[in-house]
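Below: one structure, written as structure tokens.
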Amino acid sequence: MAAYILRRVMGAVLLLLVVSAVTFAIFFLVPRIGGQTADQLATQYVGKDANPASVAAIKQNLGLDQPLYVQYWDFLKGLVVGADYKFGPDATHCSAPCFGYSFKSHIEVWPQLEQRIPVSFSLAVGAAVIWLVTGVTTGVISALRKGKPIDRFAMFIALAGVSLPIFFTGQILLALFVYEIPVWESIDYVPFTENPAEWAWHLMLPWISLAFLFSALYARLTRAGMLETMSEDYIRTARAKGLKETTVVAKHGLRSALTPIVTIFGMDFGTLVGTAVLTETVFSLQGIGAYSVQAIKDNDLPIVMGVTLVAAFFIVFCNLIVDLVYAAIDPRVRYS
């Protein structure tokens, strides 16, 4: 087991290195191939006050005049130990993990991300709990009541959930519960450490909006998995041995049906932390999704790179956790 965990951790680190190399190449190598020069990149750092002397100084101080492999090595070192930049006569230390400075605001990228990650993480965690509980429960009930009215009703709701985009359900929830029936006066982010109850209350509508889509998907996946699993021979054997139906369903049926659900959940959760753009935009939450959209509009490469790598980290980390909990869910999985 320990060897398996070590292999998976090393694999995750290697994957993050590959992601960082590909991301760096996309943002710095591809523009070079397309004709963008180091002077043009340095001009974006300098801003509207750019002149030949300032552009040359920034190009030298940021290492933009170095070969790309040297720039990539400096970028990796910045992520691990930080980096020193010279803007004018003064040197500035960018603490690890250093993603550089914003083209537009000239502020360090990581502190800006650090402020916004709790917002996106809170949004993803709450929504994930709701969609996992409601989606799996609905899927199991539908499978056990296949063809009955409750199955048809649940699948109709699931089809609606899959069909309705998040920006639509979010706007409907806002119109109903904030403007028409003011259950919520406003939707603001309150840090969990300050007031857990207010944190949950203010995020309830975004959670429901986001969870509705995923609950519908998970309900349909769980139903399909349960129907397939409950027709297996070992389920018939368990029933023939006289086990209670709840034991057959929960211990033998649901356990096997959950394996693909857990795989997808790890991917969805990791992706959601980095890219819950629509939900954050509809409810005016200042997470990293909304932050990245603004950075793309401003062509702010350091921010876009930072968001990309943070999102990749969460996806890789969540998949690592999923791999490690497989054995607890499905005893057929063997690490040897």
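The figures here come from the full heavy-atom set of this structure, side chains too, leaving out hydrogens, waters and symmetry mates. One is the number of the first residue; the rest follow in order along the sequence.
- In terms of hydrophobic clustering, with Ile, Leu, Val, Met, Phe, Trp and Tyr side chains grouped at heavy-atom distances under 4.5 Å, Leu76 and Trp110 are assigned to a common cluster.
- Judged by distance alone, with hydrogens and angles left aside, the side-chain atoms of Ser215 form a donor-acceptor pair with the main-chain N or O of Ala211 at under 3.5 Å.
- Checked against the 6.0 Å centroid threshold, Trp201 and Trp184 count as a close aromatic pair.
- Within a 6.0 Å sphere centred on CD of Glu198, other residues, nucleotides and ligands contribute more than 12 heavy atoms.
- Hydrophobic clustering (ILVMFWY, side-chain heavy atoms < 4.5 Å, transitive): Leu174 and Ile181 are in one cluster.
- Of the residues Thr134, Thr138, Thr137, Asp268, the one that meets the side chain to side chain donor-acceptor pair (under 3.5 Å) test with Tyr218 is Asp268.
- The existence of a salt bridge linking Asp298 and Lys104 is confirmed by a sub-4.0 Å separation between a basic side-chain nitrogen and an acidic carboxylate oxygen.
- Among Trp131, Phe283, Trp199, Phe214, the single residue meeting the ring pair (Phe, Tyr, Trp, His ring centres under 6.0 Å) criterion with Trp207 is Trp199.
- Proximity of Met230 to Arg239: side-chain heavy atoms (C-beta onward) are separated by under 4.5 Å at one or more points.
- By the neighbour-count criterion of 12 heavy atoms within 6.0 Å, atom CG of Leu176 is densely surrounded, having more than that number from other residues, nucleotides or ligands.
- A salt bridge does not link Asp151 with Lys148: none of the charged nitrogens is closer than 4.0 Å to a carboxylate oxygen.
- In Tyr72, the OH atom is crowded: over 12 heavy atoms of neighbouring residues, nucleotides or ligands sit closer than 6.0 Å.
- Within 6.0 Å of the CZ atom in Arg236, the count of heavy atoms belonging to other residues, nucleotides or ligands exceeds 12.
- Of the possible polar contacts, one joining the Thr169 side chain to the Ile166 backbone as a donor-acceptor pair under 3.5 Å is found.
- No more than 12 heavy atoms of other residues, nucleotides or ligands shown are found within 6.0 angstrom of CZ on Phe121.
- A distance-only check finds no donor-acceptor pair linking the side chain of His252 to the backbone of Val249 [under 3.5 Å].
- Between Tyr291 and Glu280 there is no side-chain heavy-atom pair separated by less than 4.5 Å.
- In terms of modelled atom types and a separation under 3.5 Å, the side chain of Thr308 and the main chain of Val304 share a donor-acceptor contact.
- The side-chain heavy atoms of Ile107 and Tyr101, taken from C-beta on, include no pair separated by under 4.5 Å.
- Side-chain contact between Pro206 and Leu285: present, with at least one pair of heavy atoms (C-beta onward) separated by less than 4.5 Å.
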